[in-house]
Amino acid sequence: MEPTNFIEDIIIEDLKTGKHKSIVTRFPPEPNGYLHIGHAKSICLNFGLAEEYDGVCHLRFDDTDPASEDPEFVEAIKRDVKWLGFDWGDNLFHAADYFEALYEFAVELIENGNAYVDDLSPEEIRKYRGSWTEPGKNSPYRERSIEENLDLFKRMRAGEFPDGAKVLRAKIDMGSPNMNMRDPIIYRIKRMPHHRTGDDWVIYPMYDFAHPLSDALEHITHSICTLEFEDNRPLYDWFLENTSVPSRPRQIEFARLNLAYTITSKRRLARLVELGHVGGWDDPRVPTIAGLKRRGYTPESIRDLCERVGVAKNNSLVDMAMLEHCVREDLNKRAPRRMAVLRPLKVVIENFPEDKVVEVEAINNPEDPSMGKRKLPLTREIYIEQEDFMEDPPRRYRRLAPGREVRLRYGYVIKCEDVIKNDEGEVVELRVSCDFDTLGGKTPDGRKVRGIIHWVSAEHAVDAEVRLYDRLFTVENPAEREDFVDYVNPKSLEILTGCKLEPSLKDGALGSFYQFERQGYFCIDTEDSKPDSLVFNRTVALRDTWAKIQQRNG
RNA sequence: UGGGGGAUCUGCUAAUGGUAGGCGAGAUGAUUUUGGAUCAUCGGGUCCAGGUUCGAAUCCUGGUCCCCCAGCCA
């Protein structure tokens with residue numbers, strides 16, 4: 001049996017003792033930005049738990065602050081959750097849909113003497129709050145009568161006071177060692193149209209108040225959030241205890257996902273986008289779900305990652321290698337293999353007749369015979385990868401060098417006879433000879449040819465732009481730096497033009513993924529690729545043990 | 001400084017008083033028409049100090065280190 005995490009243990013126990021007959025979880029994003037890989041963990045957790053334990057998971061937009069929210073984001077979020085493979089069915093909600101009910105709960109709090117209208121300014125409120133070492137002071141308005149509070153709150157709603165003039169606060173304990181309990185603000189006046197309720201409201205509830213009550217209204221059983229809300233839990237419970245809610249959800253906190261060399265914070269991501277360090281929320285370098293999707297990551301690989309990293313309460317920084325392993329494993333099974341030369345070097349096979357075209361047979365995916373085979377045209381002039389030739393090769397180099405042999409993948413063995421250079425001394429062309437007895441992997445005389453390189457027929461090649469990506473930041477944990485934007489990797493994007501692809505790649509659909517043999521996994525860019533100007537993104541390079549050996553030696 | 005959390009291989013995570021295990025990364029070898037994939041093998045850990053116990057990663061005591069909280073953000 002799969003090991004369970006501590007949240008599952010709680011659920012199993014609650015189901016066993018009959019505390020709950022079935023579970024209801026929720027994923028509650030604020031529509032103020034795009035979802036990222038950290039949210040993916042939460043989505044997988046909440047929806048995954050619902051699937052596993054035969055419950056349901058709601059998608060609820062936590063839209064209590066019109067200042068930062070935008071309907072563009074709600075659509076993007078819905079798209080991303082769906083893309084990840086989850087379905088909320090009819091359970092799509094907005095905290096804004098509960099504004100009237102929430103208002104009533106606030107009135108109830110006032111009626112029970114548990115909330116009051118405060119006239120203190122924001123600065124005064126901050127001062128009165130005290131500090132970690134000093135208790136706060138009661139507001140002079142704390143002891144207003146219930147009637148006065150009711151009247152004032154009603155007039156706050158009616159728009160009689162300017163923004164910021166008054167707030168509604170819970171009356172708890174200004175001396176509490178937990179800052180959250182020092183009479184937290186539960187309503188503020190903000191004249192700002194809301195993306196769902198328009199101009200209906202000039203007062204908006206705060207998260208701490210709206211969240212537990214929304215959970216209760218939806219009969220959420222397990223309200224799962226991240227660690228930084230641990231201190232808010234007593235307040236979460238306080239609101240449930242002091243209002244007549246229809247159910248009693250339980251808040252459980254887990255550690256958010258952090259990935260090395262990137263950021264998983266909506267606010268910071270938003271800044272990168274605003275500052276123009278990346279092309280947008282779906283820039284393939286950015287760990288948003290939209291970015292990962294555009295980069296070529298599959299939903300399966302992201303879900304796999306979330307499963308592998310597990311759920312616990314330790315702050316952790318997950319190695320990018322884990323994510324990369326997940327995509328490679330998925331794409332290895334599913335991606336059709338193709339030939340693509342990224343940095344072309346022209347090669348003329350001197351004993352190959354001018355007009356001859358040999359159609360060689362190539363396997364589409366050695367991991368999956370059902371994907372079939374295809375024909376590749378081989379002609380006198382071909383392109384190979386520049387790095388597959390070295391004039392003065394190091395030890396153990398298995399590719400082409402003057403006088404050396406190499407096999408063309410699925411083709412013949414060729415031998416480098418001559419090297420042609422330009423005036424700068426750069427190698428611009430190779431003249432080679434071909435051994436026509438070596439098709440099909442054979443060498444009739446039994447000689448060993450270790451190197452195998454990929455190639456594309458010059459005459460048949462399709463040109464393309466290929467975008468290579470590197471880590472977005474130069475430091476492992478940019479979020480902990482004073483200003484993370486100082487560490488954006490200037491080399492995070494490398495654009496290659498004039499890449500030579502095998503002809504079958506011309507008709508690929510947007511978003512389709514391939515393995516370029518010996519290179520990595522690539523997908524057709526959904527935004528910029530056009531039939532006559534193809535653009536590919538490199539999702540992830542293949543593991544490269546040769547590069548590793550070289551790095552070790554040099 | 002008050003409060004709330006957390007510490008297990010190099011990274012992530014199991015073991016719920018009874019053999020410290022898995023995955024990733026790394027190394028080595030086999031195999032291979034991708035220096036890919038696959039397979040096999042190896043190395044490597046309980047924050048520290050005491051205590052309870054036949055037995056402690058787990059329970060107790062005392063330390064150390066790390067994270068979070070003083071928005072009319074969520």
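In what follows, chains carry the letters A, B, and so on, assigned in the order in which the sequence lines appear, proteins first and then strands, with residues in each chain numbered from 1. Side chains included, hydrogens not; waters and symmetry mates left out as well; all remaining heavy atoms used.
- Tyr236(A) and Phe229(A) have their aromatic ring centers separated by at least 6.0 angstrom.
- With distances taken from any side-chain atom of Asp231(A) to the nucleotides rC68(B), rU1(B), rA14(B), the minimum falls on rC68(B).
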>> I need a per-nucleotide contact map over nucleotides 34-41 of chain B, read 5' to 3'. Cutoff is protein heavy atoms under 4.0 Å; write B for the base, S for backbone only, - otherwise.
In response: BBBS----
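- Spacing of P atoms, rC67(B) relative to rU8(B), comes out at 14 Å, to the nearest Å.
- We find that Arg337(A) and Glu517(A) are not joined by a salt bridge, their nearest charged nitrogen and carboxylate oxygen being 4.0 Å or further apart.
- For Lys442(A), no side-chain nitrogen or oxygen approaches OP1 or OP2 of rU33(B) to under 4.0 Å.
- Taking the six-membered ring for Trp and the full ring otherwise, the centers of Phe105(A) and Phe209(A) sit at least 6.0 Å from each other.
- The side chain of Trp132(A) approaches rA70(B) more closely than any other nucleotide in the set rC73(B), rA70(B), rC67(B).
- Looking at Thr226(A), Leu45(A), Leu305(A) one by one, the single match for side-chain contact (heavy atoms from CB on, under 4.5 Å) with Leu257(A) turns out to be Leu305(A).
- Straight-line distance between the C1' atoms of rA14(B) and rC9(B): roughly 13 Å, to the nearest whole Å.
- A distance of about 14 Å separates the P atoms of rG22(B) and rG45(B), rounded to the whole Å.
- For Arg182(A), no side-chain nitrogen or oxygen approaches OP1 or OP2 of rG2(B) to under 4.0 Å.
- Between Leu317(A) and Gly411(A), the one whose closest nucleotide on RNA chain B sits nearer the 5' end is Leu317(A).
- Looking at the side chain of Asn178(A), the nearest of the listed nucleotides rG3(B), rA14(B), rA25(B) is rG3(B).
- A sub-4.0 Å separation between OP1 or OP2 of rC73(B) and a side-chain N or O of Lys190(A) is present.
- For Asn314(A), no side-chain nitrogen or oxygen approaches OP1 or OP2 of rC12(B) to under 4.0 Å.
- Using a 4.0 Å cut-off between charged side-chain N and carboxylate O, Arg308(A) and Glu329(A) make a salt bridge.
- Look at the C1' atom in both rU53(B) and rC59(B): the space between them is 10 Å, to the nearest Å.
- Distance check on atom C1': rU46(B) versus rC12(B) gives 16 Å, rounded to whole Å.
- Within the structure, a side-chain polar atom (N or O) of Thr64(A) is placed less than 4.0 Å from OP1 or OP2 of rA74(B).
- Taking the P atom of each, rC68(B) and rC54(B) are spaced 43 Å apart, rounded to whole Å.
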>> What does the 5'-to-3' dot-bracket notation of RNA chain B look like when only Watson-Crick and G-U wobble pairs under 3.5 Å count, and pairs to other strands show as |?
In response: .((((((...(((....[..)))..(((((.......)))))....(((((..]....))))))))))).....
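- With distances taken from any side-chain atom of Ala321(A) to the nucleotides rG6(B), rA25(B), rA74(B), the minimum falls on rA25(B).
- Counting non-hydrogen atoms of neighbouring residues, nucleotides and ligands closer than 6.0 angstrom, the CZ atom of Arg155(A) exceeds 12 such neighbours.
- Looking at Asp319(A), its side chain has no donor and acceptor atom pair within 3.5 Å of the base of rG24(B).
- Distance check on atom C1': rU16(B) versus rG36(B) gives 42 Å, rounded to whole Å.
- Comparing the C1' positions of rG3(B) and rA15(B) gives an interatomic distance of 32 Å, to the nearest angstrom.
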